[in-house]
Each structure stands twice: as C-alpha cells, then as structure tokens.
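Quick notes on the structure that follows.
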Amino acid sequence: MSLRVYNTLTREKEAFQTIEPGKVSMYLCGPTVYKPAHIGHMVGPVIFDTVKRYLTYSGYDVTFIINITDVDDKLINKAAEKGTTVKALADEMTADYFDNLRLMGVDTIDKFPYATDHIGDMLEMIQKLIDNGHAYPLNGDVYFSVTTDDDYGKLSHRSVDQMLAGTRVEANDQKRNPADFALWKSSKAGEPAWESPWGPGRPGWHIECSAMSSKLLGDSIDIHGGGLDLMFPHHENELAQSECASGKCFVRYWMHNGLMQSGKNTGKVGGQHDKQGDTAAAADAAEAQIAGKLAGSAGAESVKTAVFAHCPPESVRFFLLSTHYRSPIDFSLENIANTAKGLDGFYRMFESFARITGGSAYDLAVPGSREQSTSLAGLPEGLAGELAGLRDRFLEAMDDDFNTGGAIGLLFELRRVINGYVTQNKLEEAATAEQKTALTTAMTLFRELAQVVGVFRKPIEKSSGADDEFVGGLMQLILELRADARKEKNWAAADKIRDQLKALNVTVEDVKDGPARWSRG
RNA sequence: GGUACCGUAGCCAAGUGGCCUAAGGCGACGGAUUGCAAAUCCGUUAUUUCCCCGGUUCGAAUCCGGGCGGUACCUCCA
C-alpha cells in the first residue's frame, strides 16, 4: 500500500507522486499578523506538521514553508487604531503566533518568509503578468484579468459568471471584469508604501503567496495547503497568477483542511487567513465567544492564554488529529476534556513503564523512518504478532490520505496490548530482564508511531505538586500515617484520609508492596 | 440564487462497493484484582443497522436520483 492524497483540484484521492523523486515541497498559507493567534489558526499548522512528519518518516526529504503576511489592510487599520506602527504590531503578533506553534508541538517548518521581504519578487511577477497580457494597470493599481485565463475557476469549480451571479456587483467600476482582482494597490497618504513602476503602493492579497512559493520552492510545488475557506478566492487567484506567470503547473496536490467551529455558536472560528472583511468579522465574533467562554473575558485573545490555560496543548493537538483533517471540527471544552481523559491513560502507561524498567519512555531512541522501524525479533510470538498487526494498520491508515483519526485509534489499541502484557505477566511486581526488554521494544514501537503524528514527544509539565518540597514532605507524612492505619486495619481512618484528599483533588492509589502513589489534579 | 461539504451508538469518531455479523475513545454496566477504592486487564453496550425514500448491483453505510437537516464559500476596490 502506498500513499494516496486527496486533491481538491480533482476531488479525488490520487497516488502520491512527487515532482522530484524523494523530495517534497510544501507551502501552507500562514496568518495575517494583525491580532493574536486564535485556536483556528492552529488547525492548519498542526495538520500539515503531521503531514510532513509522515512524509519524512516515509523517506521523503521535505521542505515546508509557512508564510507570514505582514502587510495588509487589516494590519494597517489595526495599527492605526492602536496607535502603533504596522511593523511593531506585526512583530508582536508574529511572536505570539510562533509561541503558540511551539506549544502545539509544531516544529517542522523550515522557513517562515515575510511578505515584506519579498516585495521585489512580487513586482517581478506582476510585471511578467502585464507583459504577457494577463494583467493591466489602472490608476496606480494593477489588476489580474480573469478572462485571459481559460482555466480560471478550476480549483473551486466555478465559472466567473457563477461567481458574479450571487453577489451584488457595483458596475461603476473601471475594471475590465468585475471579477478581476488586485495584484497591486496604490497607497493613500500615510500608508505603508513601496515604489513600483505604477507608483507607490502595496501588494494585493494573493500575490505574496505566489511570489514567495515560486521564489523559495520553485514554479511547481508538490503540496499547497490551507483552510477550506481559502480555496476561493485566495487559492484560485494564486493558482491563476502563478500559472499565467510561469506557464507551468503551480501545485500538484491542493490540500484543504476543514475549519474549526465552536459548538452552538456555529460558524467559522478561523482558517489560516482571516483576510476577508465579512468573514473576518464573523470569525471575530465567534472567537470572542470562545475566548470569553474559556478565559472569562471577552475579546480576541491569544490561544496560549485563552485555551491553553484550560487544556494542555497536547490534548488540543491530539483532539485536532483525532478527526479527519478534511472534516470540520467542533471546538468545545467538553470535547477537549474527553480527549484529555483518553490521554491520561497514556501518561499512566509511561509511568508504569518507568517503574518497571527504571527508564523513561520519553528517553527511548526512536526510529525516525519506516524503513528502520523497530525490530520485533525476539519478542514473545503473540506479542510480536499483535504489535506487527497494529503497526501495519497504523501505516495503512496514514497512507490513506493521512487518516490520523484512524491512526490514533490504533495508538489506543497499542496501549491496550502493552498494558495487557504488563498486567498478564504482573510486571509491576517482578519483571525478568527478558520481559523488560520486550516491554521496552513494545514501548519503542509505540513512541515511533506516536512521533509520526507528533504526540508524546516530551514529558508534559505536570503540576503534581511533588516538585514542591513542602507539599511533598506533607504528603509523605500523611501517607505514612495512613499506611499505619491500614496496617492496623483501621479502615475508617484510612478511608477518611483518602476521601478528604480526594476532596482536595489529590488522588491516592494503594500499591501492593511499598508506599502509596499520589497525584494531583 | 450559484458552488461545495457533511448527517455512523448516550456523546466524540474511523470506515466510502464484498475481509462491515461497522475500528477506537469517553460514558454506562458486569467480572478479575483490591480491606474498600483507584489504576489495569477481560466482557457487554449500533444486531434486517449507518438521516429518510427510491434506484443501480450477485452484493451498499459506501454508487446514483429525490427528500429532510446542518455547515461553508461566492474576494479586494467601492
């Protein structure tokens, strides 16, 4: 079985074949950095980070780029509103975006190009489009002429006529066709401006992605990703510009992820771009609600304060990946809490592993490629068979258009197999060297597959309270007193201590021999 | 109005022509274990069924048609 990818252009799953053997170029539309990142901004990066991980694991050499759009009308307006400069605002919001990506475990991006660093490339592309008759200047602006492109509309599968049918188009426009879109906009006084053959101005939306993609990855790339909301007009326009400029196929596989929605308050919470006026307003409203619900305060707020304060980033990542990337996903605290409960079982498995082997599951040397996958030789036959079967199913799921939901289901099954091995052989009580080796091998395979989807890579920060010397000492004392009571079969006292601690959100677990375990939260 | 997507158990969710007498998680119930718990393991939890109605097919959750319900997009400039 080999990799198949759903291509928005053809609306079909296609066998994955790269332009250059063994190499993959990926471009994902990043944010316009005019406000703090919201939870919807994290969807695309997490998904495509996972796509890159799997491609890398499968042996490809992947180059992955996410752009930062740091010049745009909204940015200009917002900066003016806040009494700051466009640059200062963009820098601040970019830093916030990066912070959130890091917390989500998104760290496979090779480069974040900034639109303002590539104005020259954009001017070049615009000039080329004018030269070959696909664009025309008009009063200091430059427009792309959609009627010169026979293919226009092939991505979103609609014709220019259809698009105009439902919209109120003001006819008193000098554009050749109402559907023509701006490549370059003349600037008004006080606005950020760059010199151009058509006078001072700034790039239109869309051109930055075309220019940077072709500059950094070449005229033809393998994968272009983004939220479903970007399919039209953004990607359609990018596609038109790029192919008209280069005369080559712009993108082999267009991949669009579903958008996040917020429970009852349905509607878009956010794709990767919130560049359109009306939808941005709707997104703001939805976002304000979420932020309000989560943080107890209204208004747009960064993910790290609005969301991560309530649910660990790993649970959010796991949640995003537990459904198919093309499906919409409902964001709610309840759903995340459900996911978090599932994760707890994995963390406990790691703790059990540490008790038995004396080592951390996180420190295992994990194979980074499918070819060098963990060897199951020497394992008990039944165990090896089960693990091998689950690995095959996991890879099959990922090969089928990155079915992370199915793959994560297999992670749960893997957990059950490992826990079963531990329980059946009573490894917590005593384990032979051979059994420890077998357990370590099984855990290595688990981590190998988990890192493919980017989870369980680092120990989570657990506020167990054990790191606090005072609390630790206190707990030790309390549990010793309880152990004494249990020795005397004074169950009333022992249960009272355990119940009262439970009321304080401290869970006590008795262990057959040795001190009881406790955890907080 | 146009263009798409979606509708699987109490909830989340995979599966998109036969291996489906439909993964997995959460929850619930029963058992092992425990002084009792917790954790873990085992079992049960959609049983002419995959929103409804028709059709294609030897065979459909999966394809086609029609309903019903939900969602998104139809830019910038003005």
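These numbers come from a predicted model, not from an experiment.
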Name the nucleic acid region contacted by V508(A), choosing base, sugar-phosphate or nothing; use a 4.0 angstrom heavy-atom cut-off, strictly under.
base
Considering only rC73(B), rG35(B), rA39(B), which nucleotide approaches the side chain of R482(A) most closely?
rG35(B)
Looking only at N and O atoms, is any donor in the side chain of K489(A) or the base of rC36(B) less than 3.5 Å from an acceptor on the other one?
no
Choose from rA13(B), rU34(B), rG35(B) the nucleotide whose nearest atom is closest to any side-chain atom of K512(A).
rU34(B)
Given the P atoms of rG69(B) and rU56(B), what is the spacing between them in whole Å?
28 Å
Checking D392(A) now: which residues fulfil side chain to side chain contact (heavy atoms under 4.5 Å, CB included) with it, not counting sequence neighbours?
none
Looking at the base of rC76(B), is there any donor atom on it, or on the side chain of D73(A), that sits under 3.5 Å from an acceptor on the other one?
no
Which residues pass the side-chain hydrogen bond (donor to acceptor under 3.5 Å, both in side chains) test with R415(A), not counting sequence neighbours?
none
Can you figure out which of rU16(B), rG35(B), rA4(B) approaches the side chain of R486(A) most closely?
rG35(B)
Closer than 4.0 Å, any side-chain N/O of N335(A) to the OP1 or OP2 of rC12(B)?
no
Nearest-nucleotide pick for K175(A), side chain only, options being rU16(B), rC77(B), rC41(B)
rC77(B)
The residue, W491(A) or G420(A), whose nearest nucleotide of RNA chain B is more 5′ is W491(A)
Do K74(A) and Y34(A) form a cation-pi contact, if we require the NZ or CZ to be under 6.0 Å from the six-membered ring centre and within 45 degrees of the ring's axis?
yes
What interatomic distance, in whole Å, is found between P of rU8(B) and the corresponding atom of rC63(B)?
15 Å
Under 4.0 Å, counting only non-hydrogen atoms across every strand here, what does R355(A) touch: a base, just sugar-phosphate, or nothing?
nothing
Looking only at atom C1', what distance separates rC74(B) and rC11(B), rounded to whole Å?
35 Å
Could one point to a donor on the side chain of D495(A) or the base of rG35(B) with an acceptor on the other under 3.5 Å away?
yes
Pair assignment for rU40(B), Watson-Crick or G-U wobble, requiring both distances under 3.5 Å:
rA32(B)
Taking atom types as they are modelled, is there a donor-acceptor pair under 3.5 Å from the base of rA37(B) to the side chain of R498(A)?
yes
Can you sort out the partners of N425(A) under side chain to side chain contact (heavy atoms under 4.5 Å, CB included), two or more places apart, ordered by chain and number?
Y421(A), L427(A), Q435(A)
So F319(A) and F331(A), would you call those rings parallel, tilted or perpendicular, with 30° and 60° as cut-offs?
perpendicular
For N237(A), which residues count as a side-chain hydrogen bond (donor to acceptor under 3.5 Å, both in side chains) partner, sequence neighbours excluded?
Y152(A), H206(A)
If you only use heavy atoms from C-beta on, which nucleotide in rU40(B), rG35(B), rA14(B) is closest to the side chain of S327(A)?
rA14(B)
Using a 4.0 Å heavy-atom cut-off, write out nucleotides 18-31 of chain B from 5' to 3' as B (base contacted by protein), S (sugar-phosphate only) or - (no contact).
-----BSBSS----
Determine the interatomic distance between C1' on rG43(B) and the same-named atom on rG7(B); round to the nearest Å.
32 Å
Residue T323(A), side-chain atoms from C-beta onward, closest of rA14(B), rU75(B), rG35(B)
rA14(B)
How is K185(A) classified with respect to the nucleic acid when contacts are heavy atoms under 4.0 Å: base, sugar-phosphate, or nothing?
sugar-phosphate
Select base, sugar-phosphate, or nothing to describe what D141(A) touches, counting heavy atoms under 4.0 Å on all strands.
nothing
With sequence neighbours excluded, tell me which residues meet side chain to side chain contact (heavy atoms under 4.5 Å, CB included) with D499(A).
D495(A)
Using 30° and 60° as the class boundaries, would you call the ring planes of H224(A) and F250(A) parallel, tilted or perpendicular?
tilted
Name the closest nucleotide to the A179(A) side chain, picking from rU75(B), rA4(B), rC36(B).
rU75(B)
For G345(A) and V511(A), take the nucleotide of RNA chain B holding the closest heavy atom to each; which residue's nucleotide lies nearer the 5' end?
V511(A)
Under 4.0 Å between any heavy atoms, over every strand shown, what does G204(A) touch: base, sugar-phosphate, or nothing? Just pick one.
nothing
Given L387(A), V417(A), I418(A), T441(A), the one that forms side-chain contact (heavy atoms from CB on, under 4.5 Å) with F446(A)
I418(A)
Any idea which of rC41(B), rA14(B), rC73(B) is nearest the T423(A) side chain?
rC41(B)
P-based separation of rG10(B) from rU45(B) [nearest Å]:
14 Å
Mind checking the C1' distance from rA61(B) to rG17(B)? Whole angstroms is fine.
10 Å
C1' spacing across the pair rC76(B) / rC12(B), given as an integer number of angstrom
39 Å
